[in-house]
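What follows is a short report on a single structure.
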Amino acid sequence: MAPLTHFLAAATLASLGAAMPTALDNVKVGSTTLNQVRNTNYTFNGAVSVYKTYLKFGAAIPEHLQTAVDNTGLLSKRTSGSVATSPIDSSDDAYSIPVSIGTPAQVLNLDLDTGSSDLWVFSSLTTASEVNGQNIYTPSKSSTSKLVSGATWKVKYGDESTSSGVVYTDKVTVGGITASSQAVEVAKTVSASFTSNSDIDGLIGMGFDSLNSAKPSAVPTFFDNIIGNLDSPVFTADLKHNKAGSYDFGVIDSSKYTGSLTYVAVDTDPGYWKFTSSGYGIGSAAFKSTSVVGIADTGTTLLYLDTAIVKAYYATVSGASNSATYGGWVFKCSATLPNFVFGVGSAKITIPGSYINYSPVTTGSSTCFGGLQDSTDIGINIFGDVALKAAFVVFDGSDTPRLGWASK
Ligand SMILES: CNCc1ccc(Oc2cccnc2)o1
């Protein structure tokens, strides 16, 4: 059967005595048969059927019906959320988010870390002498906590800091989005640099599962547990210098960036958000097209790149030196540093020179430590917070993970 619209149009033109030939003239009115095919995937559910009838006729959904429908899990709700993230100090050393754990909620400030994949917390089980002002999670005070029998974890970070302990599951909510049975790795011991950092109550890893340290088997990340309920399988980072930014889940908020997003492929081996930058530019010098493989890591403070790039950058800063005393490139705090541009595809992200004039080597010193440092001893280039806070970044966890970058 020709589409009805064509048929009606032809009839109308004919009635108007339209003389000019139209394309409709050679429409042949015919017939066809569409055979119905059973949807073998469909399972009838009474509550869902009644629910849909109520919706169809605009009837209010009684609570018992909503609960019955929710309990089927058949109408998986799609959701999105947003959480503010604040620098923990005036140097933007790290960025924390409030995370609610347990019933009733116990709120801890966790470092959202795309460079690792353990959600671990200071707790009532942490060696007392290693707790110094942090908020703690007390599983015994949560009616929804469950010990994961036999599970342990131990994690070591790039800066040699460590923590370890046992594993519970509990309800975890971030930005209004809840994982009802999230693995919460409870610290029994933490290293000195965590103890001395009273602004961080633990980490929430948003890397890939292969980086998770739980034994005898890895436990899913918070992103793993919520991704199926998100409107879109993404979270985004909008970190800022000296002020609150945000992490969004399930949505890309175009009001948070300028221009357009440029996407780049992610290599998930060995578990980082690893991508290839298309090159770099120093100040007003010509952009150098070259592949720079690195990871987008919200849990690392600074930008770490290859020696050649770092040397070329500090060659433009009079008096800069790579100091054994201070463990990296330093210069006079009064120096004006050039911007640093890195490429993502054909796009360019500009890091203001002021972000690379990172902070005095010690409080009050006139010698400042660079926000760009050498990655040789690390073994991988790291686009840490110094780089990320110059951009809006989409962490796309779809079947083909990718990173989206935009200026802002
Ligand atoms: C600064 N050491 C303690 C500490 C606070 C937050 C983190 O987490 C890190 C450190 C390095 C890389 N990735 C995450 O370590």
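What you see is a predicted model, and the numbers here were worked out from it, not measured in a lab. For the single chain, residues carry numbers from 1 onward in sequence order.
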Considering only heavy atoms from C-beta outward, does the side chain of [X] approach that of [Y] to under 4.5 Å?
{"X": "Val172", "Y": "Thr178", "value": "no"}
{"X": "Thr236", "Y": "Tyr247", "value": "no"}
{"X": "Asp93", "Y": "Tyr95", "value": "no"}
{"X": "Tyr168", "Y": "Ser123", "value": "no"}
{"X": "Thr316", "Y": "Ile282", "value": "yes"}
{"X": "Lys256", "Y": "Asp248", "value": "yes"}
{"X": "Leu211", "Y": "Asp209", "value": "no"}
{"X": "Lys188", "Y": "Val166", "value": "yes"}

Which pair of heavy atoms, one from [X] and one from [Y], lies closest together, and at what distance?
{"X": "Pro360", "Y": "Gly364", "answer": "CB-N, 4.4 Å"}
{"X": "Asn135", "Y": "Val107", "answer": "CB-O, 4.1 Å"}
{"X": "Ala47", "Y": "Ala68", "answer": "CB-CB, 4.0 Å"}
{"X": "Cys333", "Y": "Ser365", "answer": "SG-O, 3.7 Å"}

Would you say [Y] and [X] are linked by a side-chain donor-acceptor pair, where the criterion is simply a distance under 3.5 Å?
{"X": "Ser191", "Y": "Ser161", "value": "no"}
{"X": "Asp374", "Y": "Thr307", "value": "yes"}
{"X": "Asp170", "Y": "Thr144", "value": "yes"}
{"X": "Glu130", "Y": "Thr189", "value": "yes"}
{"X": "Thr67", "Y": "Asp70", "value": "no"}
{"X": "Thr350", "Y": "Asn339", "value": "no"}

Side chain [X], main chain [Y], donor-acceptor under 3.5 Å:
{"X": "Trp273", "Y": "Pro401", "value": "no"}
{"X": "Gln134", "Y": "Asn197", "value": "yes"}
{"X": "Ser375", "Y": "Ile378", "value": "no"}
{"X": "Thr298", "Y": "Thr114", "value": "yes"}
{"X": "Asp201", "Y": "Leu108", "value": "no"}

Tell me if the centroids of the rings in [X] and [Y] come within less than 6.0 Å of each other.
{"X": "Trp120", "Y": "Tyr137", "value": "no"}
{"X": "Trp405", "Y": "Tyr257", "value": "no"}
{"X": "Phe275", "Y": "Phe383", "value": "yes"}
{"X": "Phe194", "Y": "Tyr157", "value": "yes"}

- Task: Check the angle between the aromatic planes of Phe340 and Tyr313 and answer parallel, tilted or perpendicular using the 30° and 60° thresholds.
- Result: perpendicular
- Test ring pair (Phe, Tyr, Trp, His ring centres under 6.0 Å) applied to Tyr51 - qualifying residues, sequence neighbours left out: none
- Pairs where residues 275-295 contributes a residue and the test side chain to side chain donor-acceptor pair (under 3.5 Å) is met, not counting sequence neighbours: none
To the nearest 0.5 Å, tell me how far [X] [atom1] sits from [Y] [atom2].
{"X": "Glu185", "Y": "Thr169", "atom1": "CD", "atom2": "OG1", "answer": "12.0 Å"}
{"X": "Leu337", "Y": "Tyr358", "atom1": "CG", "atom2": "OH", "answer": "14.5 Å"}
{"X": "Leu110", "Y": "Ser96", "atom1": "CG", "atom2": "OG", "answer": "8.5 Å"}
{"X": "Trp329", "Y": "Leu302", "atom1": "CH2", "atom2": "CG", "answer": "15.0 Å"}
{"X": "Asn212", "Y": "Ser116", "atom1": "CG", "atom2": "OG", "answer": "9.5 Å"}
{"X": "Phe235", "Y": "Asp396", "atom1": "CZ", "atom2": "CG", "answer": "10.0 Å"}

- Task: Please determine if Lys348 forms a cation-pi arrangement with Phe287, meaning its NZ or CZ atom is less than 6.0 Å from the six-membered ring centre and no more than 45° off the ring axis.
- Result: yes
- Message: For Asp92 and Lys389: C-alpha separation, side-chain torsions, deciding distance, then whether salt bridge (Lys or Arg N to Asp or Glu O under 4.0 Å) applies.
- Response: CA-CA 10 Å; Asp92 306 340; Lys389 62 191 171 186; 2.6 Å; yes
- Message: Working note: Thr79 + Asn229, criterion side chain to side chain donor-acceptor pair (under 3.5 Å); need CA distance, chi angles, decisive distance, verdict.
- Response: CA-CA 6 Å; Thr79 185; Asn229 298 337; over 6 Å; no
